[in-house]
Amino acid sequence: MTAMVKAEGVHKSFGPVEVLKGIDLEVAPREVFCLIGPSGSGKSTFLRCINHLEKINAGRLYVDGDLVGYRQQGNKLYELRDREVAAQRRDIGMVFQRFNLFPHMTAVENVMEAPVQVKRESKAVARERALRLLDRVGLADKAGNYPAQLSGGQQQRVAIARALAMEPKLMLFDEPTSALDPELVGDVLDVMRDLAESGMTMIVVTHEMGFAREVGDALVFMDDGAVVETGHPREVLTNPQHERTKSFLSKVL
C-alpha cells in the first residue's frame, strides 16, 4: 500500500536558521496523524512543505506516491512549473489557524469559489455541493451569511467546508482551533472527528491532546526541527519514552 504522505530526510532552512533537520515519517491512507510540540519546533513549516507552500532544501516529499513540487530525472530534481504545482495542490486541502475567508463573499460563495475557478465547475453544481458541505459542518442555516456575521468557530467550519469542496484526498490542519474561544473549539473538533470517521487522511498540528488521544492513529512529538518520538497517541501521551517529550507533556496535560 502506497503511503499517503512520505517524508525522506526533509530539510528546510530560512536563511541561516535550519527549521527542519531531516524529517522522516509516513502517513498511511485513512490515517489521522497528529503532530505536537512546542512553538517553533517546525510543525507548521513541515505542513506547508507538504503542499509546496514552502520549498524544501533537501530530501523528498511524496503525496500518494507522487513527488511534491519536483520531478526526478536520473539523480536530478527539476522544479515543477506553477501550473503543475497547482494541480498537485488540488488534491490537498489545508485549513489554517486564521480562517482566510473572502470577506466580501457569503459562506456558500466562499465554499463554491475554488471548484468554479479552479475546476471550472458550473455554479449550479458547485453551489449544490457547497450547501451539502455547509450542512455537513452544521452551518446549513448560515449559507447566506458573510464572514463578519459568523463566530470564529463558524468561520473555521466554513473554511473546512471550503477545503473539502475540492474533494481532496488529504487534509492538512494547522492548529485549526488555536485562534478560537474555548467554547467554540468543540464544534470544530466534532467536524474533524466526523471527517476522520469517514476515512479522510488527515495530518493535524494541534495542541488539543484530547482530540489526539481520541481520534489520532499516530502521534509525532517534534522539537527543534526533528522528530523526537512517535507512536500511538495513547501510548505517547500516557507513557512517553523520551525526556523531552515527558517535559513537554508535563506542561500541557
Side-chain angles (χ1 to χ4, degrees), residues 1-37 41-96 100 114-115 117-120 160 162-176 195-196 199-206 216-228 230:
M1 183 170 65
T2 305
M4 182 57 79
V5 177
K6 187 174 187 184
E8 297 176 345
V10 170
H11 287 258
K12 172 67 186 173
S13 297
F14 294 107
V17 181
E18 195 177 18
V19 181
L20 299 175
K21 302 174 180 176
I23 302 291
D24 295 292
L25 52 80
E26 271 192 36
V27 181
R30 303 175 72 86
E31 192 167 48
V32 178
F33 195 93
C34 297
L35 287 171
I36 65 168
S41 56
K43 309 179 301 291
S44 296
T45 299
F46 177 66
L47 217 58
R48 292 170 67 84
C49 290
I50 293 172
N51 62 3
H52 209 58
L53 287 172
E54 300 289 356
K55 297 174 187 177
I56 64 178
N57 300 112
R60 302 272 192 284
L61 258 174
Y62 299 89
V63 170
D64 204 15
D66 293 327
L67 195 57
V68 173
Y70 301 90
R71 59 188 163 80
Q72 188 164 347
Q73 280 183 317
N75 292 329
K76 280 200 156 173
L77 288 183
Y78 297 90
E79 195 162 352
L80 296 179
R81 291 193 284 276
D82 289 349
R83 193 181 71 239
E84 296 167 306
V85 171
Q88 285 187 333
R89 274 196 201 124
R90 282 164 57 161
D91 290 330
I92 305 172
M94 185 148 185
V95 179
F96 300 88
N100 300 336
Q117 297 299 333
V118 179
K119 286 189 171 177
R120 300 279 179 249
I160 293 172
R162 178 179 61 181
L164 292 173
M166 290 294 282
E167 301 181 317
K169 53 191 172 189
L170 169 66
M171 285 283 283
L172 308 176
F173 292 89
D174 188 5
E175 298 189 13
L195 264 186
M200 175 63 76
T201 311
M202 296 159 61
I203 303 181
V204 185
V205 172
T206 187
D217 298 302
L219 182 75
V220 160
F221 171 66
M222 279 179 69
D223 187 35
D224 196 26
V227 171
V228 176
T230 180

Considering all heavy atoms of both residues, which atom of [X] and which atom of [Y] are nearest to each other, and what is their separation?
{"X": "G225", "Y": "I23", "answer": "O-CD1, 3.4 Å"}
{"X": "V68", "Y": "I50", "answer": "CG1-O, 3.4 Å"}
{"X": "Q88", "Y": "G69", "answer": "OE1-N, 2.9 Å"}
{"X": "P115", "Y": "A165", "answer": "CG-O, 3.7 Å"}
{"X": "M166", "Y": "V118", "answer": "CE-CG1, 3.8 Å"}
{"X": "L47", "Y": "L172", "answer": "O-CD1, 3.6 Å"}

With sequence neighbours left out, write down each residue that passes side chain to side chain donor-acceptor pair (under 3.5 Å) with [X], or none if nothing qualifies.
{"X": "S44", "result": "D174"}
{"X": "E26", "result": "none"}
{"X": "E8", "result": "K6"}

Point-to-point distance, once rounded to the nearest 0.5 Å, from [atom1] of [X] to [atom2] of [Y]:
{"X": "N100", "Y": "R162", "atom1": "CG", "atom2": "CZ", "answer": "6.5 Å"}
{"X": "L219", "Y": "T230", "atom1": "CG", "atom2": "OG1", "answer": "7.5 Å"}
{"X": "M4", "Y": "M200", "atom1": "CE", "atom2": "CE", "answer": "8.5 Å"}
{"X": "L80", "Y": "L67", "atom1": "CG", "atom2": "CG", "answer": "7.5 Å"}
{"X": "I36", "Y": "D223", "atom1": "CD1", "atom2": "CG", "answer": "10.5 Å"}

Is there a side-chain contact between [X] and [Y] (heavy atoms, below 4.5 Å)?
{"X": "V227", "Y": "D24", "result": "no"}
{"X": "I203", "Y": "L170", "result": "yes"}
{"X": "I56", "Y": "L20", "result": "no"}
{"X": "R48", "Y": "M94", "result": "yes"}

The criterion is ring pair (Phe, Tyr, Trp, His ring centres under 6.0 Å); which residues satisfy it with F46, sequence neighbours excluded?
none

Just grab all the side-chain hydrogen bond (donor to acceptor under 3.5 Å, both in side chains) pairs involving residues 59-72, residues at least two apart or on different chains.
R60-Q72, D64-K169, R71-Q73

Donor-acceptor pair, side chain of [X] and main chain of [Y], under 3.5 angstrom:
{"X": "D91", "Y": "P168", "value": "no"}
{"X": "K43", "Y": "M222", "value": "no"}
{"X": "E84", "Y": "E79", "value": "no"}

All side-chain contact (heavy atoms from CB on, under 4.5 Å) counterparts of [X], not counting sequence neighbours:
{"X": "A28", "result": "M1, E31"}
{"X": "R83", "result": "R81"}
{"X": "A196", "result": "V32, M202, V215"}
{"X": "N57", "result": "K12, S13"}

Contacts of type salt bridge (charged side-chain N to carboxylate O under 4.0 Å, His left out), residue E167, not counting sequence neighbours
K119, R129

Quick one: list whatever passes salt bridge (charged side-chain N to carboxylate O under 4.0 Å, His left out) with R89, sequence neighbours left out.
none

Pairwise ring pair (Phe, Tyr, Trp, His ring centres under 6.0 Å) hits with a residue in residues 11-35, at least two apart:
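Residue pairs with at least one partner in residues 11-35: there are none.
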
